[in-house]
Amino acid sequence: MTEKKTTAKKKTAKKTEKQKFVPKIVAFACNWCSYAGADNAGVNRIQYSPHFRVIRTMCSGRVKPAFVLKAFEMGADGVLVSGCHFGDCHYIFGNYRAVELFEKTKKLVHLLGLEDERLRLEWVSAAEGIRWAELINEFVDQITRLGPSPLSENGKKS
Amino acid sequence: MTETETKGVLVIGGGIAGIQAALDLANSRVKVYMVEKAPSLGGRMAQLDKTFPTMDCSI
Amino acid sequence: MMDVGRHPNIELYTYSEVTHVEGKAGDFRVTVRRHPRYVDEDLCTGCGQCSDACPIVVPNEFDAGLGARRAIYSPFSQAVPNTFVIDRESCLNDDFLVCENCRKACERDAINYDVAPQDVTISVGSLIVATGIDVFDPYTMKTYGYSVSQNILTGLEFERMLNASGPTQGHVLRPTDRRVPKKIAFVQCVGVRGENDCQYCSLFCCMNSVKDALLAKDHAPEIEEITIFYSDIRAFGKGYESFYNRTKERDYIKYFKGKPSKIVEDPASHDLTIYVEDTLTGKPMEVVSDMVILASAGLPSSDTLKLADVLGIELGQDGFFKTEKENAQLLRSTKEGIFLCGCASGPEDIPDSVAQGSGAAAGAEKYVADFRLPETEEEITPIDVGGPPRIGVFLCHCGINIAGVLDIETMEEYVRSLPNVVHVQNDLFLCSDGSQKLLQEMIKEHRLNRVVSAACTPRTHEPIFQETCARIGLNPYLFEMVNVRDQCSWVHSQEPLLATQRAMDQIRMAVARAQWLEPLEQKEISVEGSVLVIGGGPAGIQSALDLDAQGFPVTLVEKEKELGGRLRFLDRLLPENVPAVDLLQRKLAQLKASGVRVFTETEIKEVGGFVGNFEVSTTKETLKVGSIILASGSDVYDPKDEYDYEKYSNVLTNMDLEGIFAQTDGGEALINGTKPKRVAFIQCVGSRNEDNPHCSRICCPTTVKQALRFREQGTDVAVFYRDMRTVGHGAEEQYRAARGVGVVFIRYPDDQKPVVTKSGKGLRIQAFGTMLNDTVNMEVDAVILAAGMVPKEPDTNTFKEMLKVPRSPDGFMMERHPKLGPVETTTDGIFLAGCVQSPKSAAESMAQASAAAGKAASLVCRERIKLDPTICRVNEALCRGCRTCVSICDFHAPELVETSPGIFVARINEALCKGCGTCAAWCPTEAIAAQHFTDQQIEAMLETMLEEGL
C-alpha cells in the first residue's frame, strides 16, 4: 500500500524534512467550540502554523487515553486536546470529564518517558479564532524547541 | 378557490428574540415568514463579544 | 442563527420591511417590501472577491463605526444569509460613475445593478414583533464630552473593540495613541433613569459593564485600574449576583457609587478627567482616566413608531410597544393576534429575550394551529453499500478561496493513489446545485459507497452534502468532509506548499476514516400527544391554558387544595397594578372553560420513561404524557428570628403586608389594629448573603409598590437598601415616583445590617447610611422585611431526583443553558416555568410559562420523533457491568439491566443519549462504541497520519 504513494506527496515531504525538524502534532478539537473556533480563525484569515493535523470529536470528553498513547507510540511529537470553556460545554460537564481523563492520560504519557510539555489540554470557544491560532503557534514552537519525541523515528535516530 | 391557503406567522425582527420565536414555530411545523430590515440576521446580540454570566460567545 | 437560514419552514426576507397590514387575528394580510441587495442570493458564495475590488470605504455599522467596510459588503463574518449586499448610498454607480469593479470581480455573475424594490404579500394568522433595541447616542450630551474626545466610547463600541473579529482584533487600544490604557472608567446610566427624558432603566448595562471590565483585563493584562461609576448595580438575573461578586474580588476593579457631573479631555495628553461627588464625604473629586466607556441607554428601535402605525398597536409612555394590561401578559400587544418579545416592549436581558421569543411563539401558534405543515417524507430506495469500500473524493476550488492557495492538480493526483479511492473529481463550486447533482450522478456511475469532500467547513456544509447523498439513497453517515478552506487555505495562505501538504494529509486521514464508516439508521420513537403540568400557580395555569388553546390534552396537577399558588396572597401586580384576585378569578374561569384536566391535592409519586413517552404515577392516577412542565414554584424566605420577626407582631415581611393590603379593599392598611404613622422597609433579607447569594429580583419592585401604597394613606416610609434593583417594566418609574412623594431611601453597607430594637409600642431602627456618612436612628411603628425567594423544599429536591434534572448552585432548578435554553432542562421533554427556575414576578412567570408551553408544543405536535443515530451503543458481550458509564453520564442514558440472573450489563437509552462519547472514552472494557466517532475511525486517522509522516 505504501509503495503506491505518488511522487507529488514525497517531493513536498522531503523538501521540508531536510531543512529542519518539523514536528508531528495531533490536535483533537471538539465540534462545538474548538473546531468552530478554528473555523473562526479562517473566516478572519488569521495566519498560523500548518504543522499540525486536526481530528474532530464531538466532545473533548471523547478523547480517551488510548488515543493519545497510540499517537505518541506511533511517533507523534505532541498532542493537543481542545474543548469548550467551563460552563460552555454542549454536553454540560463533558469538559470536566475531559479534565479527569486528561489527568490519567498525563500520568500514562509520563510513564512512556515523555516530557509533560508534549501533551496539552486547552479551551477555545467558537469565537476565539485568534486564541486558536495563537495556541497552535505556541504549541508548535514549544514542540519544535523540545525536538523530536524519543519514541519517533527522528528521535530514535538522534 | 380550490387551493387551501396555509397561514403562517410573521416574525418582525431577526435578533435573538425573533430567531428564537421563528425556530420554535418552525419546529412546531408552522410556516414562518421572518422580516429583518438589516442585510443579515443577528441583531444586537451578534455585536456582543461575550455574554454574561457564562461568558460564552454570542453567535 | 444559521438554523433559521436553513430551516425549510422559514422564509427569510432580510433587507426588508413591513409596509402594510390588514385583517384581524387569525387572518392578517401583510405587505413586505424587499429592498434589492443587487447580489443574487442563489449565486453568491460569500467569497468576498467583490468586496476586495470595491474602491469605496465607509464606516462599518456592525463595528459601531470603529471599523470600515466597502460599498459592497457582508455585514459580519457569520452573516445569515451569507450573500453580499450593495449599499447604494455609497456605491459609485449610483452617482452615474460607472465603476462596476464588483461585477467584473464576481466569478459567478451574481451581481446585477438593475433591480427594483419588490412587494410581497403574505397571509398570516398572527404576528410577532421582535424589533429589538437601539442604543442612545451620547453625541448630544455635552457634559460627557463624547463628541469631543475620541477616547470616550459607548459600551457597544467597546464591545466591538473587545471582539477578536472586531476593528482592533480584540486589542484594547486607546483610540488617540493606539496604546493599551492603564486606567479605564465605566460610567453607568447614560441617557436613562431620569436623563434624556428616559425614566426607565435599561436593565442590561450594569451587567454588561461588569462583564466588559473583566474582559478588558483578560484582553490587556497591562490595565491597572478599572473604575465603575454606578447608581445601583443591578445584578438581578439568575447567576448575575455571583458573577458580580466574583468581579468584586478582583483588586483592579473598583466600584464607585456616584454619577459623574462632567468629563473633560486634556487637549495635550488626551487624558480624561471625571468630575464626581464622593458620596461618602460629599466632597467633589476628580478622577483621571485614559479611557471612558459610557454605558449608553437602550432606546426603542428607530422604526417603532412607524411600525406601531402600520400594525395598529399602541405604544407606552416609554416609547416601547405597550403590553396587554388586564391579564399582565408581557407578550401580548394591545391588539389581538400581535405578540411582543425581547426588547420590543422594553429593555430585557438575553435569557428573558430568548424565553419571551419562545413564549410569543406559543401564543402566536394558537392562531395557526390548524395550518400545521404536513410531515412529508419521500420513499427512497437505499443504495446497497455492502462489499469493499468504493470511495469517491470531491475537491472544491471555492472559486479562488481554496484553489488560489492549494495546488488542486497535485492533490487530485495524490488522492487517486489512496487505497479504495475509485473516483476523484474537482469542481469550481461543489456546493452549487449543478455540482450537487453531478455528485449524485457520480455516486451512481461509479457505484460509490463512501463519499469524501474536501471543501469548506462541515459545520455549515456537512448537512447539505449529507442530504444530497441521502436523496439518492446513500446513507448520509457514509459521507465524510475535510475542511481545506476555513482551516487550511484561509489560514496558511502565505505557505501554499505546506498548506497543500496539510490538505493532502487531512484528506488521507478522512479517506482512512471513511473505510470504517458505517451506515446508521435514524430510529423513530412515537410521541404521546399530551402534556403534564406540575404546579397550579400562575406559571402552571398559563402553560396549561396555552397548550389547551393549541388543542393539546393537558393535565394540571396541584399539591394544594386550591389553585393559584402565591397569587392567592398578593394584592396588586406589577407592572400595571392589576388586583391579583381579579387576575386569578379570570384565569380560573378560563381554566374551567378549557379542556384542561385539573387534579388538586394530588402529588407526583414516580416518573419513568423518556422524551415523548413519560409515565407518571400520581396519588390520583397514572398518566402517559409526551412532555412535562415543572412549575412547582418557590418559597418565600422565612426570617425566623432575624430582626425578631417571630417575636414582634409589627415586624412583617413583604408577603405579610401584601395580605394586609389585599384585605383592606381599597381602604387604609392597619398594622396591629392601628394605622402606622411611619414604617421602615429593610431590603435584602435572606438574599445576597452567604447562605443565599442570589438576588431575589422581585423584592425591590415590591417594596417600592408597597411604599407608594403607604404614602397614599399618609404613612411615612423609609427604605433601607443596598442597591435599589427596580427591574421590570415600569418599576424604575415607580421608584422615581416614590422618591417624588417623599419616600426616604437610605443605603446601608453590605456588611453592616440595620439593627431593630423594641422602643415603647413601636420599634427603633438603627443603621449606617453610606450616603449620609452617619448613623441613622429612626422610630417606626412597623418594620417590613423584604424577604427574598428561596427554592421550595423538599419539593425541589424531590423533583430533582424524580425528573433527573440538576439544580443550579443557587438551589433553583437548572436550565439547559441560561441563554440558549432558558426553559429547557438537560432532560429532553422536561421544561421549567416560573419561580422553580429562579425568582420572578407573576407577569414574568407567566411569560416564561408560555415559553415552556411553546417548547412542549413543538415536541408533542409530532406523532414521531427521529433520534440522532450518532449516539453510543454497548456491546453487551464485552460489558462487565462495572457502572462506570452509569456514574459519569450527566444525561442518565446508560442503565444496568439484568440480562440473566446475576448478570448485569449496561444499556444506553437512545432517547437520552446525546452522543458526546464520553462513556466510550471511560469504558474500561471498550464495550461502548460512540457511533460515527468509533475507536476504529479515530485510530485509523491517527495511524495513517503518523505512518506517513508529515
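Every chain is numbered from 1, with letters handed out A, B, ... down the list of sequences. Just so you know, these numbers use all the heavy atoms, side chains as well, and skip hydrogens, waters and symmetry mates.
- Of the listed residues (C/Gln494, C/Arg485, C/Met941, C/Gln506), the one with the most heavy-atom contacts under 4.5 Å to chain A is C/Gln506.
- Within 6.0 Å of NE2 in C/His892 there are more than 12 heavy atoms belonging to other residues, nucleotides or ligands.
- With respect to the salt-bridge test (charged N to carboxylate O, under 4.0 angstrom), the residues A/Arg118 and A/Glu115 qualify.
- Here C/Asn483 is the residue among C/Thr500, C/Asn483, C/Thr870 with the most heavy-atom pairs under 4.5 Å with chain A.
- Comparing C/His932, C/Gln937, C/Glu462, C/Arg816 by how many heavy-atom pairs each has under 4.5 Å with chain A, the most go to C/Glu462.
- For the residue pair C/Gln515 and C/Asn420, a side-chain donor N or O sits within less than 3.5 Å of a side-chain acceptor on the partner.
- A salt bridge links C/Asp890 with A/Arg97: the distance from a Lys NZ or Arg NE/NH1/NH2 to an Asp or Glu carboxylate oxygen falls below 4.0 Å.
- Under 4.0 Å is where a charged nitrogen must lie from a carboxylate oxygen, and between C/Lys211 and C/Glu159 at least one such pair does.
- Neither the backbone nor the side chain of A/Arg131 comes within less than 4.5 Å of any heavy atom in chain C.
- Between A/Asp116 and A/Lys107, none of the side-chain N atoms (NZ, or NE/NH1/NH2) sits under 4.0 Å from a carboxylate O, so this pair counts as no salt bridge.
- Using a 4.5 Å cut-off between heavy atoms, C/Asp935 contacts chain A through both its backbone and its side chain.
- Ranked by heavy-atom pairs shorter than 4.5 Å toward chain C, the options A/Ala36, A/Ala76, A/Cys30 are led by A/Ala36.
- When heavy atoms are compared at a cutoff of 4.5 Å, A/Tyr96 does not approach chain C at all.
- Among the residues in residues 99-106 of chain A, those with a non-hydrogen atom closer than 4.5 angstrom to a non-hydrogen atom of chain C are A/Glu100, A/Leu101, A/Lys104.
- For the residue pair A/Lys24 and A/Ser152, no side-chain donor N or O sits within less than 3.5 Å of a side-chain acceptor on the partner.
- For chain A, the option among C/Cys889, C/Gly917, C/Cys488, C/Cys916 with the highest count of heavy-atom pairs below 4.5 Å is C/Cys916.
- Only the side chain of C/Met814 comes within less than 4.5 Å of a heavy atom of chain A; its backbone N, CA, C and O stay farther away.
- Checked for salt-bridge contact, C/Asp505 and C/Arg502 miss the test: no charged N lies under 4.0 Å from a carboxylate O.
- Between A/Arg145 and A/Glu117 there is no salt bridge, since no side-chain N of the basic residue sits under 4.0 Å from a carboxylate O of the acidic one.
- Heavy atoms closer than 4.5 Å to chain C are found nowhere in A/Ala133, neither backbone nor side chain.
- Contacts between C/Glu926 and chain A at a heavy-atom distance below 4.5 Å involve the side chain alone, from C-beta outward.
- For a residue to count as touching a neighbouring chain, one of its non-hydrogen atoms must lie under 4.5 Å from one of that chain's; by this rule C/Asn401 touches chain A with the side chain only.
- Proximity to chain C is absent for every atom of A/Ser60, based on heavy atoms less than 4.5 angstrom apart.
- Comparing A/Phe67, A/Trp32, A/Phe93 by how many heavy-atom pairs each has under 4.5 Å with chain C, the most go to A/Phe67.
- Classification of C/Asp486 and C/Arg459 as a salt-bridged pair fails, no side-chain N sitting under 4.0 Å from a carboxylate O.
- Of the atoms belonging to C/Glu495, it is side-chain heavy atoms, and not backbone ones, that fall under 4.5 Å from chain A.
- For A/Gln47 and C/Ser493, the side-chain atoms include at least one donor-acceptor pair closer than 3.5 Å.
- A salt bridge is defined here as a Lys NZ or Arg NE, NH1 or NH2 lying under 4.0 Å from an Asp or Glu carboxylate O, and C/Glu939 with C/Arg513 fails to meet this definition.
- The pair C/Arg160-C/Asp63 meets the salt-bridge criterion, with a side-chain N (NZ, NE, NH1 or NH2) lying under 4.0 Å from an Asp/Glu carboxylate O.
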